[in-house]
2 protein chains.
Amino acid sequence: MSNTGINQVVWSAKQQEFVQKWRELGVAWGIPPAMAAIHGLLMTQEHPMVTDEVMSLLSLSRGSAHTQLQALVEWGLVYPVKTLGSRQVRYVAERDSWQMMSCIARQRKKRELDPLLELDAWKRSWASKTDGLEASAVLDKTLDGVLAQASAVDGVLGRLLAEDERWWEQWLLRGLRRN
Amino acid sequence: MSNTGINQVVWSAKQQEFVQKWRELGVAWGIPPAMAAIHGLLMTQEHPMVTDEVMSLLSLSRGSAHTQLQALVEWGLVYPVKTLGSRQVRYVAERDSWQMMSCIARQRKKRELDPLLELDAWKRSWASKTDGLEASAVLDKTLDGVLAQASAVDGVLGRLLAEDERWWEQWLLRGLRRN
DNA sequence: GAATACTTTCATTTTAAATTGAAATTATGT
DNA sequence: ACATAATTTCAATTTAAAATGAAAGTATTC
């Protein structure tokens with residue numbers, strides 16, 4: 001039985017343009033091009049897709065398609081759907097934009113914010129030993145400020161991502177109209 | 001006259017560790033290693049530094065040291081200080097952590113958020129032409145959500161970065177304690 | 001329990017980004 | 001104007017990340 005054609009795959013000029021843009025955006029966000037492109041493609045597709053369809057529409061190798069699909073599933077941006085009576089797996093993108101952005105934010109927090117917060121422990125580990133004589137008061141001061149801000153952001157982000165509700169919509173709007 | 005030694009350069013184990021960590025952090029944030037390292041180094045230094053000092057402490061080529069120092073100045077993270085009676089330029093890092101983080105946020109907004117916001121114009125440019133027949137209602141719906149969120153973030157970020165005041169500290173804290 | 005259909009892995013290659021270093025340029029002091 | 005001391009540029013190289021593709025692995029069906 002053929003893989004393609006169970007559900008019609010639509011691949012219009014608009015969709016192709018979108019995928020191209022999503023890929024570029026992905027690169028700017030530090031996301032592997034193939035990963036962003038696959039995500040973009042699945043965002044445009046009504047129905048779950050099979051690896052071979054992804055491969056051929058985006059001209060990707062099997063290895064890359066597979067690896068990036070896994071990563072997308074790992075991130076929670078894409079769901080694997082098992083086809084009954086077959087080993088074949090199909091993939092659909094998360095449709096809810098809030099869920100989608102949450103997934104991305106969570107990953108970025110892990111990659112970017114958490115390592116920054118770890119500097120606090122590092123700083124404390126040096127607190128006792130007097131390095132030379134007051135080796136860098138300048139650093140300590142700036143770093144304290146940075147860490148304070150980082151943990152404020154961490155707190156807000158934590159709340160934001162923990163909730164399913166969207167109290168943040170109100171909260172953001174309140175931020176918009178000053179104070 | 002020798003370049004080094006006008007102001008004593010301090011380069012302790014703690015500082016070296018910090019620079020190493022700052023470099024890694026920079027890489028996670030999509031910043032060139034040399035740029036992050038230089039920034040880290042200048043954050044630890046009491047006094048403005050000359051290109052040759054940066055080069056030798058970090059084992060960088062002149063080209064790289066120069067280019068990345070320019071970038072740091074461009075971003076507003078580092079200030080060039082002209083030495084009187086000499087063509088020599090020295091560099092100091094911005095000390096205020098809020099200013100520092102603002103600079104970074106501004107650059108990231110430019111690189112990451114603005115291109116996302118441009119998708120709105122793109123979407124509208126396709127609004128009229130009916131691509132096939134309802135080519136991708138799925139995409140349109142998710143994309144609308146994403147763009148709404150993006151512009152909310154843009155609004156808040158815009159305010160945050162425009163101000164010199166720190167009303168946001170209160171605002172972030174309020175975000176922390178729910179509602 | 002083969003044979004088939006699909007998935008997974010991973011050593012090698014490709015690609016894009018960052019770095020190098022030496023030559024060209026420009027400013028400064030004599 | 002000259003020599004010197006610094007900065008700036010950029011073609012060539014290096015590096016790290018991502019992509020490839022073929023081989024190995026694993027379910028599923030007959």
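In what follows, every heavy atom counts, from backbone to side chain, and hydrogens, waters and symmetry copies are set aside. Every chain is numbered from 1 and lettered A, B, ... according to where its sequence line falls, protein lines coming before strand lines.
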Could you tell me how far apart [X] ([atom1]) and [N] ([atom2]) are, to the nearest whole angstrom?
X       : N      : atom1 : atom2 : answer
A:Glu53 : C:dC6  : CD    : C1'   : 14 Å
B:Lys82 : C:dT28 : NZ    : C1'   : 13 Å
B:Leu58 : C:dA18 : CG    : C1'   : 15 Å
B:Gln68 : C:dA17 : CD    : P     : 14 Å
B:Leu69 : C:dT20 : CG    : P     : 13 Å
B:Arg23 : C:dA17 : CZ    : P     : 20 Å
A:Arg90 : C:dC6  : CZ    : C1'   : 13 Å
A:Asp52 : C:dT8  : CG    : C1'   : 14 Å

B:Asp140/B:Lys123 salt bridge by N-O under 4.0 Å criterion: no
5' priority, DNA chain D, between A:Gly85 and A:Pro33 [closest heavy atom]: A:Pro33
Residue whose nearest DNA chain D nucleotide is more 5′ - A:Ser86 or A:Ser61: A:Ser61
Distance test, side-chain N/O of B:Gln70 to OP1/OP2 of D:dT9, below 4.0 Å: no
Phosphate OP1/OP2 of C:dT7: any A:His66 side-chain N/O under 4.0 Å: no
Give the nucleotide from the list [options] with an atom nearest to the side chain of [X].
X       : options                : answer
A:Gln88 : C:dA18, C:dC6, D:dT7   : C:dC6
A:Thr67 : C:dT7, C:dT19, C:dT9   : C:dT9
B:Arg62 : D:dA18, C:dT19, D:dT8  : D:dT8
A:Ser64 : D:dA18, D:dT20, C:dT20 : D:dT20

Qualifying residue for side chain to side chain contact (heavy atoms under 4.5 Å, CB included) with A:Tyr91, from A:Val81, A:Thr51, A:Val54, A:Val50: A:Thr51
side-chain contact (heavy atoms from CB on, under 4.5 Å) evaluation trace for B:Arg62 with B:Asp52: CA-CA 8 Å; B:Arg62 181 172 305 283; B:Asp52 290 81; 3.0 Å; yes
Over 12 non-hydrogen atoms of neighbours within 6.0 angstrom of CD in B:Gln70: yes
Residues A:Glu24 and A:Gln20: side-chain donor-acceptor under 3.5 angstrom: yes
5′-ward residue of the pair B:Leu84/A:Val27 relative to DNA chain C: A:Val27
Donor-acceptor pair under 3.5 Å, B:Arg87 side chain vs D:dA6 base: yes
